Amino acid sequence: MYQIIIADDEAIECRALEMMIRNDFPMLQTLPSASNGAELIAGVRKYHPDIAVVDINMPQLSGLDAMELIRAENHEMKIIIVTAYSEFDYARRALKLGVADYLLKPVDRKTFRETISKILQTMDREQINSSRDRSTRQHMDEMTEAVGSEFLFSLIFGEPDEKSLQLYLASLDQPFNGGCIAAARPADQPGWALLGKKQQQDMTKDIQNELDRYCRAVVREYKNEFYFLLLPGNHLTETELKKWLDDVLGMVQRLLKKKWNLAFNFGVSGCKFDSGEMMEGMSECVIAMRSRTRPGINHYDSNTDMHQENPFLPLAKMCLTYIKTGEIETCRQKIHEFLVQHIPEDADVYEITQVQILETMVPVFAYQEAAQDYSMRYSRNAQADLNGLHECYSRGQVEKWINENIEKLDPAGGNGKRKVNDYVRKAVLFMEKNYMDDISLERTAESAGISSFYLSRLLKQELNQNFTDVLTDIRMRKAMQLIWDRKLTVREIAEQCGYSNITYFYKVFKKYTGRSVGQIRSILK
């Protein structure tokens with residue numbers, strides 16, 4: 001039901017208009033009338049009417065003066081001016097106020113009825129359109145959140161979806177001036193463990209609502225940690241950005257403490273501008289978060305060593321010592337003794353230890369592969385199974401994985417003795433020299449002096465791999481060499497390895513190693 005207020009210093013005029021309204025528009029609720037401009041302002045502020053019928057000439061504060069003050073606060077209310085004056089100056093001021101109509105006294109019932117009818121029809125249309133707009137905005141907001149969530153999850157899983165990022169940015173009502181990735185985990189793990197799944201979901205909604213007050217953001221909970229995509233909107237200097245992040249996350253921190261009585265440890269990345277950089281940001285915020293255990297907000301500092309020491313690195317030197325002299329059985333025994341010393345028998349081996357073992361053994365396997373016949377190092381039967389470490393959750397499984405790969409790559413075992421076809425050798429040499437370019441099977445076959453069909457058959461026959469498999473092996477081996485170097489960004493590593501599409505590089509790397517680039521770089525020293 002719409003509400004209408006009448007303002008006129010003549011009580012009889014007010015009653016006359018009220019009677020017209022009751023007779024012709026019973027659906028309208030007539031509010032207490034006002035006899036001057038001050039009462040009108042008070043009535044509008046108290047009741048928030050939809051329509052106001054206002055006499056211009058009232059004592060104390062005129063109708064026009066009152067409406068000018070009201071318009072500063074209320075732009076939606078429909079105004080009908082009624083007056084005994086027809087001067088142009090009055091009409092001009094009324095038009096500036098956006099009045100719906102301008103009627104002369106005495107007000108004709110038919111004219112008044114037509115005016116009110118027209119206004120009601122306009123308001124009905126506006127209400128329908130407003131409802132549609134709200135529904136559309138809600139739908140768009142839900143879509144924006146879903147796309148942003150999809151991109152954030154792709155970062156968490158180590159395979160950034162550049163398309164999702166572009167869709168998310170395109171749906172925003174603000175320019176994109178970079179974004180930051182943040183991570184948070186409860187400093188009070190026992191307190192967090194007492195929360196049920198529903199409470200954790202409610203906490204996530206609380207955080208999202210709090211962030212929505214200050215910026216465009218997406219937040220998701222994954223494995224007892226929160227991850228945030230934060231977009232400041234404005235271009236900020238490094239100092240301004242740090243303060244802004246401290247303020248925003250400080251609000252979240254206060255909310256979690258006040259409502260949930262939990263303290264969290266936050267890690268924050270530097271500002272990033274595309275999907276590849278944001279994957280770096282995911283690594284940075286995790287590194288920053290893990291660099292401290294006490295509650296607080298910690299920013300990633302590329303000049304500070306935040307990485308964990310790898311206690312398994314001496315194992316690589318020891319293995320190489322015995323492998324070079326052919327003492328494989330002694331090497332096995334030393335591996336067993338070393339692992340017993342560094343991994344308790346009942347300990348669960350998870351991400352950090354797995355990646356540290358991977359960093360340790362990759363140079364050992366690379367040495368063994370280099371000792372094989374030149375092209376046999378790309379044979380599927382004579383390669384280290386890096387992905388297999390992903391499934392090793394105990395000391396015994398880790399030891400078995402290391403020994404099986406060392407034995408598999410041992411030239412004395414026969415895998416590296418067989419000579420491969422000269423055409424295959426030429427093709428592999430061409431790929432090793434040109435892996436950073438967009439080379440094809442046809443171009444590689446041409447360099448070897450044979451047809452692409454024949455080369456494809458030879459690769460399958462000699463190495464049990466196809467062209468793409470061999471090229472991926474070459475590129476991933478190079479990536480594994482570069483990944484330990486913190487001076488290079490992931491985009492630089494991808495480009496140096498022949499991948500112009502960084503999203504595809506992330507997917508291939510994770511499939512090849514069992515770990516994402518971000519997971520490895522957030523752990524390695």
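Keep in mind the model is a prediction, meaning the values are calculated, not measured. Hydrogens, waters and symmetry mates play no part in the numbers below; they use all other heavy atoms, side chains included.
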**Q.** Lys/Arg cation over aromatic Tyr499: Arg475, 6.0 Å, 45° cone
**A.**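 Yes.
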
(Q) Could you check whether Lys324 makes a cation-pi contact with Tyr367, meaning its NZ or CZ is under 6.0 Å from the centre of the six-membered ring and within 45° of the ring axis? (A)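 Yes; both conditions hold, so Lys324 lies above the ring face of Tyr367.
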
Q) Donor-acceptor pair, Lys408 side chain versus Gln383 backbone, under 3.5 Å? A)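 Judged by distance alone, yes, a pair lies under 3.5 Å.
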
Q. If only atom types and distance count, is the side chain of Asn387 paired as donor or acceptor with the main-chain N or O of Lys511 below 3.5 Å?
A.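 Confirmed, Asn387 side chain pairs with Lys511 backbone.
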
Just by distance, no angles: are the side chains of [X] and [Y] close enough, under 3.5 Å, to form a donor-acceptor pair?
X: Tyr435; Y: Asp473; result: no
X: Glu407; Y: Asn403; result: no
X: Glu359; Y: Asn310; result: yes
X: Ser149; Y: Arg220; result: yes
X: His299; Y: Asp246; result: yes

Q: Kindly say whether the aromatic ring centers of Trp401 and Tyr393 come within a distance under 6.0 Å.
A: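 Not under 6.0 Å, so no.
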
Q) Of Phe151, Phe153, Tyr227, Tyr168, which is the lone residue that meets side-chain contact (heavy atoms from CB on, under 4.5 Å) with Val218? A)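 Checked Phe151, Phe153, Tyr227, Tyr168 against Val218; only one passes side-chain contact (heavy atoms from CB on, under 4.5 Å): Tyr168.
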
Q: If the plane angle is over 60° it's perpendicular, under 30° parallel, otherwise tilted; pick one for His342 and Phe312.
A: tilted

